[in-house]
**Student:** 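After the structure tokens below, expect a handful of questions from me.
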Amino acid sequence: MTRPGSAAWSSGEALPIQVRQVTKTYGRVVALDHVDLDVRSGEFLTLLGPSGSGKTTLLMVLAGFVRPDRGSVRFGEQEVIRLAPHRRGVGMVFQSYALFPHLSVAENIAFPLKLRGVARSEAMRRAEEALALVQLPGLGGRSVAALSGGQRQRVALARAIVFEPRILLMDEPLSALDKQLREHMQIELRRLHDRLGITTVCVTHDQREALTMSDRIAVIDHGRIVQLDEPRRVYDHPATRFVAEFVGESAFLPVRRSGEAYYLGETPLRLDGQAVPEGADLLMVRPERLRLLAEGEAADGTVIAGAVREIVYQGDSVLVQVALAGGQAVAARIGSAHGAMRALPAVGDAVRLALAPQDACLLRDDAA
Ligand code: ADP
Ligand code: MG
């Protein structure tokens with residue numbers, strides 16, 4: 001697998017991952033429940049779910065640190081379930097970085113090469129190359145203890161990719177960083193992935209992080225994958241209420257079906273031929289998809305009428321809370337540009353909100 005002297009990180013070796021019927025229990029806890037998952041070759045796939053949903057367990061099954069009770073894992077054509085972690089060709093980034101504090105930056109990065117019998121001079125050369133890739137050129141001689149959190153995270157990443165793994169696994173790699181650095185690193189991780197072309201599986205509980213970085217997102221709940229889709233699809237067409245709530249803000253308004261039409265109270269919904277799941281009984285309304293209509297303004301879409309209950313200024317936007325006649329509430333997120341601020345209604349005003357047909361998503365209530 002190690003090819004000394006070869007051009008670094010050829011993307012030709014990226015492998016697809018096939019997970020079939022993987023189950024893992026700890027006593028009575030079912031951490032993974034008959035999981036099927038296909039990761040495409042060269043894809044950036046994120047496992048997204050709440051704490052305890054089974055994300056780390058699934059990643060550890062891929063890495064070889066956890067042996068499932070049953071099921072199969074293939075990298076390309078190869079069944080790897082009985083293969084030790086170091087023989088799987090996977091690079092791994094842990095939440096805690098797990099760097100060796102007594103080794104220099106370069107020695108940390110070169111460690112996987114040393115394990116694989118690469119000569120020291122070659123290993124050091126490749127460690128420097130990996131450092132440049134993670135935007136830390138020339139820091140090889142430093143002590144790990146002297147690095148900031150963001151720099152340590154990059155060193156851990158460099159160590160994970162230095163031996164040209166066919167698969168890169170990351171468990172909440174950015175969770176120890178503060179918000180600004182985390183958002184910056186999300187974009188950097190994505191860029192690095194695009195340059196290397198390594199099949200990547202990343203775990204996070206942060207929906208925005210998943211939406212920012214991924215080709216596809218697998219939403220996991222109670223050890224089951226409940227939706228696997230592209231970010232836009234997950235956000236705009238969540239398969240269940242759980243997914244809808246987990247990936248963003250939304251109100252859920254009960255709808256009534258009559259023949260082929262759906263009604264919100266007495267208002268017919270404008271769906272323009274969108275597919276509606278069987279048994280759908282809720283309209284998902286994301287705040288930023290609502291438009292505040294000016295007086296007398298006609299709307300293309302469903303019009304929701306109510307009275308303003310509260311206005312919350314949040315800097316980049318304004319949240320307008322609206323009470324509907326039926327007793328429910330929806331929030332509309334309005335941009336905070338000067339013109340929009342001037343046109344804001346006051347608390348108590350009657351308002352109409354427009355929801356474009358393409359932004360109307362019906363789903364079935366699975367939270368009951
Ligand atoms: P996540 O990474 O999504 O937070 P985990 O995969 O760590 O979730 O855990 C899934 C479930 O399995 C949790 O209920 C957790 O308590 C349990 N679990 C994980 N590892 C072990 C273990 N080594 N022993 C016992 N229970 C475990
Ligand atoms: Mg975890």
Side-chain angles (χ1 to χ4, degrees), residues 17-39 43-73 80-82 84-85 88 90-99 149 152-153 156-157 159-160 167-179 182 185-186 189 199-214 216-229 231 234-235 238-248 366-367:
I17 303 172
Q18 187 194 66
V19 176
R20 287 292 176 274
Q21 294 294 299
V22 162
T23 293
K24 176 68 190 175
T25 53
Y26 292 104
R28 281 203 201 142
V29 175
V30 183
L32 295 174
D33 187 3
H34 298 87
V35 170
D36 287 336
L37 176 66
D38 284 282
V39 187
E43 174 172 47
F44 194 125
L45 184 133
T46 300
L47 298 174
L48 173 69
S51 176
S53 57
K55 306 180 296 295
T56 294
T57 305
L58 181 51
L59 206 70
M60 291 302 145
V61 166
L62 297 181
F65 294 114
V66 167
R67 182 83 169 268
D69 307 335
R70 53 165 298 190
S72 132
V73 176
V80 296
I81 211 89
R82 285 167 203 287
R88 293 190 180 196
V90 296
M92 180 92 208
V93 179
F94 299 93
Q95 190 167 359
S96 56
Y97 313 147
L99 298 174
R152 284 178 203 198
Q153 197 276 339
L157 189 60
R159 186 180 58 180
I167 289 167
L168 178 61
L169 304 176
M170 300 189 279
D171 193 357
E172 314 241 10
L174 306 179
S175 63
L177 308 179
D178 63 41
K179 183 169 184 288
R182 200 164 67 226
M185 284 302 296
Q186 289 164 7
L189 267 186
T199 307
T200 301
V201 181
C202 183
V203 161
T204 183
H205 62 270
D206 179 334
Q207 49 93 9
R208 199 179 163 95
E209 187 164 301
L211 294 168
T212 301
M213 299 193 302
S214 320
R216 289 189 304 160
I217 299 171
V219 183
I220 182 164
D221 182 30
H222 289 103
R224 292 183 200 181
I225 291 174
V226 289
Q227 185 165 8
L228 172 58
D229 262 320
V234 171
Y235 190 81
T240 65
R241 179 172 179 161
F242 167 81
V243 175
E245 289 184 318
F246 197 72
V247 300
D366 60 348

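Note that ligands are numbered from 1 as they come in the structure, with each ligand's atoms numbered from 1 the same way. Predicted model, so just to flag it, every value in this text is computed and none were measured. Along the sequence shown, residues carry numbers from 1. What you see below is based on every heavy atom in this structure, not just the backbone, and it leaves out hydrogens, waters and symmetry mates.
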**Student:** Closer than 4.0 angstrom: is that true for some heavy atom of Gly27 and an atom of ligand 1?
**Tutor:** no
**Student:** Between ligand 1 and Ser51, can you find any atom pair, the residue atom being a heavy atom, that is separated by under 4.0 Å?
**Tutor:** yes
**Student:** Can you tell me how far apart CG (Asp33) and CZ (Arg224) are? Round to the nearest 0.5 Å.
**Tutor:** 4.5 Å
**Student:** Suppose we only count N/O/S atoms under 2.8 Å; would Thr56 qualify as near the Mg ion (ligand 2)?
**Tutor:** yes
**Student:** Using distance alone, with no hydrogens and no angle criterion, decide if Glu172 and Thr204 have a side-chain donor and acceptor under 3.5 Å apart.
**Tutor:** no
**Student:** Which atoms of ligand 1 have any heavy atom of Pro50 under 4.0 Å away?
**Tutor:** 3 (O)
**Student:** Of all the non-hydrogen atoms in the protein, which one sits nearest to atom 8 (O) of ligand 1, and at what distance?
**Tutor:** Gly54 N, 3.2 Å
**Student:** So, Glu43 versus Thr199: side-chain donor-acceptor pair below 3.5 Å or not?
**Tutor:** no
**Student:** Please tell me if atom 15 (C) of ligand 1 is touched by the protein, where touching means a protein heavy-atom distance below 4.0 Å.
**Tutor:** no
**Student:** With a 3.5 Å cut-off and no angle check, do the side chains of Asp69 and Thr23 form a donor-acceptor pair?
**Tutor:** no
**Student:** Quick one: does any side-chain atom of Asp171 pair with a main-chain N or O of Phe94 as donor and acceptor, under 3.5 Å?
**Tutor:** no
**Student:** Among all protein heavy atoms in this structure, tell me which lies nearest to atom 10 (C) of ligand 1, with the distance rounded to 0.1 Å.
**Tutor:** Gly52 O, 3.5 Å
**Student:** Any carboxylate oxygen within less than 4.0 angstrom of a Lys/Arg side-chain nitrogen, looking at Asp38 and Arg20?
**Tutor:** yes
**Student:** Tell me, which protein residue and heavy-atom name are nearest atom 7 (O) of ligand 1, and how many Å apart are they?
**Tutor:** Thr56 CB, 3.7 Å
**Student:** Tell me the protein heavy atom at minimum distance from atom 5 (P) of ligand 1, and give that distance in Å.
**Tutor:** Thr57 OG1, 3.6 Å
**Student:** Considering only heavy atoms, does Val29 approach ligand 1 within less than 4.0 Å through its side chain, its backbone, both, or neither?
**Tutor:** side chain
**Student:** How long is the straight-line distance from CG of Asp206 back to CE of Met213, given to the nearest 0.5 Å?
**Tutor:** 8.5 Å
**Student:** Answer yes or no: is there a side-chain heavy-atom contact under 4.5 Å between Ile225 and Val219?
**Tutor:** no
**Student:** Less than 4.0 Å between atom 2 (O) of ligand 1 and some protein heavy atom, yes or no?
**Tutor:** yes
**Student:** Any idea which protein heavy atom is nearest atom 12 (O) of ligand 1, and the distance to it?
**Tutor:** Ala31 CB, 3.5 Å
**Student:** Could you tell me whether the side chain of Lys55 and the main chain of Pro50 form a donor-acceptor pair under 3.5 Å?
**Tutor:** yes
**Student:** For atom 23 (N) of ligand 1, grab the closest protein heavy atom and report residue, atom and distance to one decimal in Å.
**Tutor:** Tyr26 CE2, 3.5 Å
**Student:** Numbering the atoms of ligand 1 from 1, which are under 4.0 Å from a heavy atom of Ser53?
**Tutor:** 1 (P), 3 (O), 8 (O)
